[in-house]
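All values below come from the heavy atoms of this structure, side chains included, with hydrogens, waters and symmetry mates left out.
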Amino acid sequence: MTPPFSLIAHVYDAIMHDIDYEAWGEFVLKHAAARAWQGQRVLDLGCGTGNSSIPFFSRGYEVIGLDRSPEMLAIARSKLPPVTF
């Protein structure tokens, strides 16, 4: 069985072009801070092609991205080589 999203990995970013990942990152960090989170690591579950990891990485967080699709992870690695996917 092919992992979910593996078949569309090559077009996923085009499909999701209108998602504001920057706003999503702000939302997550705002709510984490409201709960007194002071970590420096972010675990991005279902990271897909890495777009959801970018806002955290760009702010200096250590990001670890997990996804079930090897094809999605390959794209994420090409975008953010320093991140562990």
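- Not a single ring-ring contact (aromatic ring centres under 6.0 Å, His included) links Phe57 to another residue, sequence neighbours left out.
- Tracing side-chain contacts under 4.5 Å through hydrophobic residues (I, L, V, M, F, W, Y), one never reaches Phe56 starting from Leu66; they form parts of separate clusters.
- Screening Met72, Arg77, His10 against Thr49 for a side chain to side chain contact (heavy atoms under 4.5 Å, CB included) leaves a single residue, Met72.
- For Arg41, the salt bridge (Lys or Arg N to Asp or Glu O under 4.0 Å) test picks out Glu62, with sequence neighbours left out.
- No continuous path of hydrophobic side-chain contacts links Phe85 to Ile64 [ILVMFWY only; heavy atoms under 4.5 Å].
- The side-chain contact (heavy atoms from CB on, under 4.5 Å) test applied to Trp24 returns Phe27, Val28, not counting sequence neighbours.
- Residues Cys47 and Leu73 come closest through the heavy atom pair SG-CD2, 3.7 Å.
- Ser6 places no side-chain N or O within 3.5 Å of a backbone atom of Thr2 that could act as its donor or acceptor partner.
- His17 is linked by a side-chain contact (heavy atoms from CB on, under 4.5 Å) to nothing, counting only residues two or more places apart in sequence or in another chain.
- When all heavy atoms of Lys79 and Asp13 are compared, the closest pair comes out as NZ-OD2, 2.5 Å.
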Worked verdict on Leu80 versus Ser53 for side chain to side chain contact (heavy atoms under 4.5 Å, CB included)
CA-CA 9 Å; Leu80 295 166; Ser53 300; 4.0 Å; yes

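- Taking Tyr21 as the reference, Tyr12, Met16, Ile19, Asn51, Ser52, Pro55 meet the side-chain contact (heavy atoms from CB on, under 4.5 Å) condition, with sequence neighbours excluded.
- Looking at Asp44, its side chain never comes within 3.5 Å of a backbone N or O of Gly65 through a donor-acceptor pair.
- A single hydrophobic cluster is seen to contain both Ile15 and Phe5, as judged by linkage of ILVMFWY side chains at heavy-atom distances under 4.5 Å, directly or through other members.
- With sequence neighbours excluded, the residues forming a salt bridge (Lys or Arg N to Asp or Glu O under 4.0 Å) with Arg59 are Glu22, Glu26, listed by chain and number.
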